[in-house]
Structures are given as structure tokens and as C-alpha cells.
Amino acid sequence: MQVTDVVTQPIDGQKPGTSGLRKKTRVFMGPHYLENFVQCIFDGIGGAAGKTFVLGGDGRFFNKRAAQVILRMAAANGAARVIVGRDALLSTPAASHLIRLNKTDGGIIMSASHNPGGEDEDFGVKFNMPNGGPAPEAVTNAMFARTKEITSYKILEAQDVDISTVGETTLADMKVSVVDPVADYADLMETLFDFDAIRAMIAGGFRISFDAMCAITGPYGVEIIENRLGAPKGTVVHGTPLPDFGGMHPDPNPTWAHELMDTMNGPDAPDFGAASDGDGDRNMIVGPRVYVSPSDSLAVLAANAHLAKGYTAGLAGVARSMPTSAAADRVAEKLGLPCYETPTGWKFFGNLMDDDRVTLCGEESFGTGSNHVREKDGLWAVLMWLNILAVRKMSVAEVMADHWATYGRNYYSRHDFEAIESDKADAMISALRARLADLPGQTVHGLTVTAADDYAYHDPVDGSVSEHQGVRVIFEGGARFVIRLSGTGTSGATMRLYLEALETDPTNFAQDPQAALAPIIAAAHEIAQISAHTGRDRPDVTT
Ligand code: G1P
Ligand code: ZN
């Protein structure tokens, strides 16, 4: 088998975003596109020689072919071993776990997360570090710098490796270990949660519906919820991962997981509903006719984590992304826990977890997780909820009511305006930034601005600074809105408007969040001049 140095040239736009490089699948399938980026990953981490990597993806279109290319390139670049999920499948949290468990030099995850899959949809590649977490900006910047100067890449000329059966094989001098994608992850979950208590609750008639949305968590859900916890067959819905996710948009929110929402709002709703996303790191939690907002879910988990066996010692601290509501902060304050605010994106939590400053982390974008891995983890959140319900013997609605009674209710919503022309979105943000200094003291729709800034993060562990992480405008009484542009979209710009207001009067806890937030929504539109800049009056997706 021969290593070839293929002559190439830089390809524009290979800058990793919030979570790796995401592009249309056809772009990734274009000449040298994947190969260039993979070579730049290896170059950006100081080469692959002698190293061990984990490789897997969410099973979307091009997943298997890309895996074969990456294996040949790893071998050509001198990697010692690649641990690959059978059929190149691994959920993102399972990949993070395998990277840590096997003390590897990192891993390559093929996924565009919750973006639709298929030949005409999205594909993505990201690199995770030896700690199991997404590469930090210093590393992705080094990769990006290489994409602008690359002249050749190394690839082995070889047949496809058989990765359809668990076992050891080789590719030239490189070992290829094909592993069961689920087993190690499921074992980890058993160390964190009281499976006996959950099993007893299920045996007592507690009914669950878990929607895997034809994406990667199907096999994980079947093994853990049905096989190990004893839930009846059919508890996992849409459980077979498909290259196009069966045409579903595997993003667990009320808009895209509408089938689950219909079930949970229906006459014979199960006791607990949950969904996960394309690569298994997101989650949505629903009770019969109760939707748990992700910000609230993080707060509930923080308040109750000590009930699960992996967390009985209590939490070191809690972290949330800046646009996530302050519900978790209120729990942290009451429990006397350190609480951190970071920019959007899981990569910012890694340092805090590695430094033992926090145990739980979460984002409003349906992401919650803990230091058991260095990614957010959809099934972990589902199991944590089930463990809490099993111990507290309460319904989802009762847990929420009790939580709000104790901590108050942070009404919260995110409005997404999708596929805006990029120059219009940029102009809107620039105009807003230019006005920030003048905003304090102004009253808009009855709300007086107390502070307005362009959020910058100073990492307390490594001292790095990340600027321009979202514009935030705070009103008297603590209500606020945040505006930022998405870093994961693949066409045009997506503007995200995050809205929050704290309510402490229990007689006001039963409002519809959109109604409770109406004045802040109006003020945000007015201040940011959303319609004038983008021509949009209403969001495409509301969560
Ligand atoms: C989105 C979410 C963010 C999450 C990321 C990856 O990024 O908003 O919280 O970490 O997906 O799942 P965005 O598109 O906003 O940059
Ligand atoms: Zn995801």
C-alpha cells in the first residue's frame, strides 16, 4: 500500500464555526474538500504520527465514505491507531467518552448536529481534544490558518477497511479497532444513575416516549431505555438512524419534534417525553402538557443532581452560556455554588470542567451535560431527569411547580430569524453596536435600559479573551434580550434573539412565555430595528 502526496490548493471558507466545519454535503463531497480539511486538522495539532484517534459520526449521508477517507489519511499521516465506531457510527457524547476512556490524542467527529442530513443537506467535521472536548479557538485557528496555505495532503492508496464488524484490523501500519458504538457509553451511564430505581419506576407503569428522530440516539435509546431499563419495545420512536434522518429535521425543539409534542399534548400522553438531535448531544424534556424550557431544565438538574448516584457529593459549580437564562444562577446562589457565564458553544465549558470549577453545564439550545464527558449529552439529561423523577416520585409538572415556587420563574424564549442575507444581518448588528453606549437610561415600550454591551469573555482558567459574543441589553428589574448571529448555519445568516424576564410572584407563574415576554420582544424589535434591517417581523422558529 502506497502513500500518495496529492497536490492541492487552499479552498476558501474552511473556517470552523461554533462546532467544527459545517457545509452543504455536496460541498464536502467536492474535489479535495474533505481531504484538505482533514490534513489541516492533523497539521493544526502538530501532526498525526504515532497518535491514536477516535473516529465516528451521526450516520448522515456521506458519513461512511468520509470515514474511509479519514482512515486512509490517518494511516498516511502515520497515526498508530484509530478507534472507530462500528459502521462509523458514534454519538458525539459517546465519541467524547471513548476519547477519554482510551486516553487517546483526540477524535474526529463527522456530524452537522441538528442540521438536516442528505446529499442536498448538511455535513460537518470537527476535532475533539484529548480531554474529549471540542478544539478550542487557538487550535481551530491553527487549522484554519493551514487551510489557507495547504499545497498537498497525504492519503494511502488502499481498499475500504471493513468496519462493519467489531474487532481489530489494520490499514497499512495503522491499527483499526472497530468498537460497539453503544456499549461503553451505556456502561458509563450505569455508573452515574440509579438504574434500579428507574427500572422500578418503569415496572410500576411509568410510561416514556423517546423520539430519536431517525438519528444516532436510536441504538443508544434502545439499549439503555428498552434493554437495560426495561421499558417496553416501542418506547424509542424513530429509532433507526437513516442517512437523511427520514427527512426529519433532527433538532429536538417543539417546532421540529412536533410528533412528540403531539403525543405529549394528546389525550393518552405518557408520563415523560424526550427527544435528541442528529448527533445525540441535545435533548428536549416534556411532561404531559408541560414543556420544560432548556434553561429551566439546567436549573432543575442543578437543584436535584445530588439525588443521582454519580453526583451525591454535590456539584463543584454550574456554568451556562451567556444567552441561557439565569434560572441556574438562582439555584447556584441558593446552594452556594460558583456559577459561570461563558459564550455560546460547548467548547468554552471544557476549561472550567478540566479545572474542576464546574460539574454541570448547559445552554438554552437544548444542551445540558456534566463533567462525565466534555460534550453536552442528550441521553445523559434524559436519564438524569428519570433518576430525579424516580427518587422524588413526582410528575414533571410537579417538579416544575416546586422549582418555580422555590426559585422564581425565569420566563424565557429564543426567536430565530433564518436565512437572512448576510450583509443585512451584519448591518443590523453593526448599527446596534454603534448605539450601545447611548442606550442606558432610555425607555422603550415602558422598559428602561440599565446596561447594554457587546459581550466579551475572559476565560478564568487560561486567560484567553473571546470578543463580540453577542449584544445584550438589560432592563430595570433584570429583564433582558440578547442578539447574536449563529455560527453553525450553512446558508445566509441566522439571527438569534434571546428574551428573558424574571417573575417571582407565584400568582404569575402560569403565563404563556410569549405573553409574559411581550414587552421585551417589542422593545428588542424597536431597539435593534429588526424589521427595517431584515424585512422580518416574526421569527421562523420560536423555542
Ligand atoms: C448553536 C447553539 C449553541 C450550540 C451550537 C452547537 O450555535 O446556539 O448553543 O452550542 O449550536 O450545538 P449557533 O448556531 O447559535 O452558533
Ligand atoms: Zn448536536
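Just so you know, ligand 1 is whichever comes first in the structure, and atom 1 is the first atom listed for that ligand. No hydrogens, no waters, no symmetry mates; every other heavy atom, side chains included, goes into these values.
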For ligand 1, is Gly345 a contact, meaning one of its heavy atoms is under 4.0 Å away?
yes
What do you reckon, does Lys376 have a nitrogen or oxygen under 3.5 Å from a nitrogen or oxygen of ligand 1?
yes
For atom 5 (C) of ligand 1, which of Glu364, Arg484, Arg282 has the closest heavy atom?
Arg282
Going by atom types only, do Asn102 and Thr104 share a side-chain donor-acceptor pair under 3.5 Å?
no
Under 6.0 Å between ring centres: does that hold for Tyr185 and Tyr220?
yes
Give me the nearest non-hydrogen protein atom to atom 14 (O) of ligand 1 as residue plus atom name, then the distance to 0.1 Å.
Thr488 OG1, 2.4 Å
Please report whether ligand 1 has a polar contact with Ser486, defined as an N or O pair separated by less than 3.5 Å (distance criterion only).
yes
Among Ile224, Ile208, Thr235, which one satisfies side chain to side chain contact (heavy atoms under 4.5 Å, CB included) with Leu229?
Ile224
Looking only at protein heavy atoms, which one is nearest to atom 9 (O) of ligand 1, and how far off is it?
Ser365 OG, 2.6 Å
Using a 4.0 Å cutoff against the non-hydrogen atoms of Arg496, which atoms of ligand 1 qualify?
8 (O), 13 (P), 14 (O), 15 (O)
Under a plain distance cut-off of 3.5 Å, with no hydrogens placed, do Ser464 and Glu137 share a side-chain donor-acceptor pair?
no
Regarding Ser113 and Asp279, do their side chains bring together a donor and an acceptor under 3.5 Å, going by distance alone?
yes
Atom CG of Asp277 and atom CE of Met213: how far apart are they, to the nearest 0.5 Å?
9.0 Å
I'd like to know if Lys424 and Glu421 make a salt bridge, using a cut-off of under 4.0 Å between side-chain N and carboxylate O.
yes
Regarding Thr359 and Tyr311, is there a side-chain donor-to-acceptor distance under 3.5 Å anywhere?
no
closest protein heavy atom to atom 8 (O) of ligand 1 is Arg414 NH1, 3.5 Å
side-chain hydrogen bond (donor to acceptor under 3.5 Å, both in side chains) partner of Arg282, the single match among Asp251, Thr217, Thr92, Thr368
Asp251
For His533, give me all partners under ring-ring contact (aromatic ring centres under 6.0 Å, His included), at least two apart in sequence or on another chain.
none
Leaving out waters, which are not shown anyway, how many protein N, O or S atoms lie closer than 2.8 Å to the Zn ion (ligand 2)?
4
In plain terms, say whether Arg374 and Asp354 are close enough for a salt bridge, that is, a side-chain N and a carboxylate O under 4.0 Å apart.
yes
Element-labelled atoms of ligand 1 that are located less than 4.0 Å from some non-hydrogen atom of Thr344
3 (C), 8 (O), 9 (O)
Before signing off on this row, confirm whether Gly487 and ligand 1 have an N or O atom pair separated by under 3.5 Å.
yes
So, is Glu363 polar-close to ligand 1, with some N/O to N/O distance under 3.5 Å?
yes
